[in-house]
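See structure below.
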Amino acid sequence: MAANGESKHSEVGHKSLLQSDALYQYILETSVYPREPEAMKELREVTAKHPWNLMTTSADEGQFLNMLLKLINAKNTMEIGVYTGYSLLATALALPEDGKILAMDINRENYEIGLPIIEKAGVGHKIDFREGPALPVLDQMLEDGKYHGTFDFVFVDADKDNYINYHKRLIDLVKIGGLIGYDNTLWNGSVAQPADAPMRKYVRYYRDFVIELNKALAADPRIEICMLPVGDGVTLCRRIS
Ligand code: SAM
Ligand code: CA
């Protein structure tokens, strides 16, 4: 992938979300890259050299998350699915000095690619990284009792086949008035394609889970929702009861 993210956009077929790749490039070059913090740029460029770079959060979505967290005055947050830490750094930079992020990923090695950059940016102290599957950690927090309704923001960007399971738990862990962001809810545009359309194997595999999630979120009376065509689609859920 090119360090500027151009090929990622076309490779994963996000074209349908905007009129053209040129328009996406315009957004990046006019509004995103000129204002991207140095540390995020460095992390983006390091990640671009990694073989799984398709997984990283795009720079425009990173900018969006950073702004959103500031708007809601988030202090206590969680991230499920860290990879090299681009969205994590966007979050950490937005939080106040005493802000906290409980960050979970089954793979520590990739997190360690980004960690020196995160530490150099002076925000490493906000992060509590736990290596391993997120679900048992959520179950432990629910059992514990003291974490109910404590999170201002949760960003879910991990195993799509577990999003429904995450939602069942996160709805109790996020504050009333707090937000959960589910990433990749447009799943490469496949959610609106017929089931027999040609798709990459991994896109096909997770497509039904994402479609089921989208239906479940739309029908859940405990939340207000807003699905944004940013990146690969992010659905914001505001807990109301
Ligand atoms: N948010 C990241 C970023 O900005 O670069 C991208 C995350 S990447 C799309 C998905 C991550 O979820 C991978 O790093 C993977 O190891 C992790 N993952 C997969 N299954 C998981 C699980 N059960 N619990 C926690 N993390 C998981
Ligand atoms: Ca994602």
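Heads up: numbering here begins at 1 and tracks the sequence. Just follow the structure's listing: the first ligand is 1, and inside any ligand the first atom is 1.
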Shortest non-hydrogen separation from S87 to T57 and the atoms involved: CB-OG1, 3.5 Å
Closest D157 atom to the Ca ion (ligand 2) [N, O or S only]: OD1
L217 CG to I223 CD1 distance, which is reported to the nearest 0.5 Å: 4.5 Å
Among L89, T47, I117, the one residue meeting side-chain contact (heavy atoms from CB on, under 4.5 Å) with E42: I117
Proximal candidate to atom 2 (C) of ligand 1 [heavy atom criterion; set D161, V82, V137]: V82
Residue part near ligand 1, for Y166, under 4.0 Å between non-hydrogen atoms: side chain
Donor-acceptor under 3.5 Å (T235 side chain, G181 main chain): no
Nearest-contact summary for atom 16 (O) of ligand 1 - protein heavy atom, Å: D105 OD1, 2.6 Å
D183 near the Ca ion (ligand 2): N/O/S under 3.0 Å: yes
Close approach, G62 and ligand 1, non-hydrogen under 4.0 angstrom: no
3.0 Å cut-off met by an N, O or S atom of M55 to the Ca ion (ligand 2): no
Electrostatic pair K175:D172 at N-O distance under 4.0 angstrom: no
With N76, the side-chain contact (heavy atoms from CB on, under 4.5 Å) member among V174, L95, T150: T150
Option whose closest heavy atom lies nearest to atom 12 (O) of ligand 1, chosen from P133, A90, A158: A158
Per atom 3 (C) of ligand 1, closest listed option by heavy atom (T57, L135, N53, D232): T57
Ligand 1 contacted by N162 (non-hydrogen, < 4.0 Å): no
Whether T56 lies under 4.0 Å from ligand 1, heavy atom: yes
